[in-house]
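The structure under discussion appears below in the form of structure tokens.
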Protein chains: 2
Amino acid sequence: MATTDTKGELLDCAQDLIQRVGVNAMSYNDLSVEVGIRKASIHYHFPKKDDLIEALLLRCGNDYSDRYREIASSQKTVLEKLEALADMFDNSLAQGKICLVGMLCVESTTLSDKLQNTLESTINNCIGVIESIFIQGVADQTLPQDMNTNEAAHAFHDTLLGAQIIARSLKSRDHFKIAATTYLNLLRG
Amino acid sequence: MATTDTKGELLDCAQDLIQRVGVNAMSYNDLSVEVGIRKASIHYHFPKKDDLIEALLLRCGNDYSDRYREIASSQKTVLEKLEALADMFDNSLAQGKICLVGMLCVESTTLSDKLQNTLESTINNCIGVIESIFIQGVADQTLPQDMNTNEAAHAFHDTLLGAQIIARSLKSRDHFKIAATTYLNLLRG
DNA sequence: GATGAAATGCCTACCAGTAGGTAGGTAAGT
DNA sequence: ACTTACCTACCTACTGGTAGGCATTTCATC
């Protein structure tokens, strides 16, 4: 998972910091301390902060797809797969981290136009991954036949994000688990 | 709604800015331009940025209660009241603004301990308001008798917050409306 | 295999701009 | 005389970003 090269370390640490404190509270100085190279040296790998975030978003799309394929290719039922997805969010939460995409969305008005567009693509990418589970659920009749899978995927993701944000401030992983379970129970009907 | 005194104007503008760009991207300089007094003069009313945010959170609790009383005392059904609540979030969204509490939660790790505690109280205050609608729903048998109203209120709020955040980045109010409707439909069973 | 040149990856030193915050003054109202 | 509500001027710390230097590695050419 963690890369050994500097560029990879920078991405790892930057993502970690952003997920914890946000883009605007994360500086090249913080990052330099974390990685162990000088602030100015970061500019060699990512000339502008925009370049860093751009790289982060593109990597996020890939990472997310990878981790999803593990879940999707498993022998789990559709609802178990949705639970596994919720567990990914719970895992971040346990480390005090908010979903990278969600974090950037909140601060999106302070991002460049280019980054806002990239962010939009990344969201749709992530939702596509979630939707494929819902599509599977409709196909195998676990979920209602008239379900709009795209809308359902969005709503599910919204709940996970919102619950993650509130749960962190309430310092209660239970809050997240309950919200996720409540939603999944509603899906069960 | 908007106060005419400087202190009130500062609170109004600060809230507006925070809901749009976040606490960390909002500066006393931005605020001074908006309100029309010098940056240093803001310190007269709110010596530290912490004082401003503290005041904002306390006011939020009251405002929220006020606006809720309007909804709660109306002749609407429980589900209509929940819709009205969703409309309040939709209204902020239309102005490019995220729920103040949600915004602060995302950036909460960069806040002082005192503010984090105040924030926690404010969240619980807000959820209490929402829960009272759910309690009413269980009492008049609109909602299932075995529903945990506290958990339900939390989950509903999580969805509204998450949907608001994602919808703003997707520049789609429809996204929010669909997510809210999807959730309310799940509640209808 | 030795050699010069270029590319790589970091460094120190610096810059202008802005952050939150302070000191001290002033004009008007009580 | 005191308070209120502002002002100008200034401070330190830190922001993202640049310029230029310096080893080390890579690599084509002799």
Side-chain angles (χ1 to χ4, degrees), chain A residues 2-18 20-57 103-104 107-116 118-119, chain B residues 2-57 103-104 106-116 118-119:
Chain A
T3 42
T4 53
D5 59 305
T6 306
K7 199 160 186 168
E9 266 184 62
L10 283 169
L11 286 171
D12 288 343
C13 288
Q15 175 156 354
D16 203 272
L17 280 169
I18 291 176
R20 288 180 203 280
V21 303
V23 218
N24 292 321
M26 172 270 204
S27 71
Y28 266 33
N29 199 39
D30 299 335
L31 191 52
S32 78
V33 171
E34 212 75 28
V35 176
I37 65 172
R38 293 300 156 120
K39 192 191 69 166
S41 305
I42 302 176
H43 288 279
Y44 169 75
H45 298 282
F46 303 101
K48 313 270 162 158
K49 211 180 175 184
D50 267 25
D51 299 321
L52 214 196
I53 301 168
E54 178 88 12
L56 231 36
L57 278 173
M103 199 79 200
L104 291 175
E107 298 179 287
S108 63
T109 51
T110 67
L111 301 177
S112 67
D113 286 352
K114 191 193 173 192
L115 276 180
Q116 288 191 31
T118 307
L119 178 58
Chain B
T3 43
T4 53
D5 60 306
T6 306
K7 199 160 187 168
E9 266 183 62
L10 283 169
L11 286 171
D12 288 342
C13 288
Q15 175 156 351
D16 202 274
L17 280 168
I18 291 176
Q19 290 191 257
R20 288 179 204 279
V21 304
V23 217
N24 292 320
M26 173 267 202
S27 71
Y28 266 33
N29 199 37
D30 299 335
L31 191 51
S32 77
V33 171
E34 212 75 27
V35 176
I37 65 171
R38 293 301 157 122
K39 192 189 68 164
S41 306
I42 302 177
H43 288 279
Y44 169 74
H45 298 281
F46 302 102
K48 313 270 161 159
K49 210 180 176 183
D50 267 25
D51 300 319
L52 213 196
I53 301 167
E54 179 88 12
L56 231 37
L57 277 173
M103 198 81 202
L104 290 174
V106 172
E107 297 179 289
S108 63
T109 51
T110 67
L111 301 177
S112 68
D113 286 352
K114 191 194 173 192
L115 275 181
Q116 288 189 32
T118 307
L119 178 58

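Computation of the quantities below employed the complete heavy-atom set of this structure, encompassing side-chain atoms and omitting hydrogens, waters and symmetry-equivalent molecules.
- Rounded to whole angstrom, the span from the CG atom of Leu10(B) across to the P atom of dG20(C) amounts to 14 Å.
- Distance CG (Leu52(B)) to P (dG21(C)): 10 Å, rounded to an integer number of Å.
- In terms of heavy atoms, Lys39(B) sits closest to Asn29(B) at CG-N, 3.9 Å.
- As judged by a 4.0 angstrom heavy-atom cut-off over every strand, Ser27(A) is placed among residues touching the sugar-phosphate backbone only.
- To the nearest 0.5 angstrom, Gln116(A) atom CD is 7.5 Å from Thr109(A) atom OG1.
- In this structure, NZ of Lys7(A) is placed 12 Å from C1' of dG9(C), rounded to the nearest angstrom.
- Proximity note for His45(A) (side chain, C-beta onward) versus dC10(C), dC6(D), dT15(D): the nearest is dC10(C).
- Between the NE2 atom of His43(A) and the P atom of dT8(C) there is a distance of 19 Å, rounded to whole Å.
- Rounded to whole Å, atom P of dT18(C) lies 11 Å from atom NZ of Lys39(B).
- Checking the phosphate oxygens (OP1, OP2) of dG9(C), no side-chain nitrogen or oxygen of Thr6(A) falls inside 4.0 Å.
- The nearest whole Å value for the distance from the OH atom in Tyr28(A) to the C1' atom in dC10(C) is 15 Å.
- Without hydrogens or angle criteria, Lys49(B) side chain to Val23(B) main chain gives a donor-acceptor distance under 3.5 Å.
- In plain terms, the two heavy atoms of Phe46(B) and Tyr28(B) that are nearest each other are O-OH, 2.9 Å.
- Where Ala40(A) and Ala40(B) meet DNA chain C, the nucleotide closest to each residue was compared, and Ala40(A) sits on the side nearer the 5' end.
- Cation-pi geometry between Lys7(A) and Tyr44(A) is not satisfied (NZ or CZ under 6.0 Å from the ring centre, within 45° of the ring normal).
- For the pair Asp5(B) CG and dC6(D) C1', the computed distance is 15 Å after rounding to whole Å.
- Distances shown here put every side-chain N or O of Asn29(A) at or beyond 4.0 Å from the OP1 or OP2 atom of dG16(D).
- Rounded to a whole Å, the CG atom of Leu115(B) is 15 Å from the C1' atom of dG20(C).
- Comparing dG16(D), dT15(D), dA19(C) by their nearest atom to the side chain of Lys49(A) picks out dG16(D).
- Side-chain atoms of Ser41(A) lie closest to dC10(C) of the nucleotides dT8(D), dC10(C), dG17(D).
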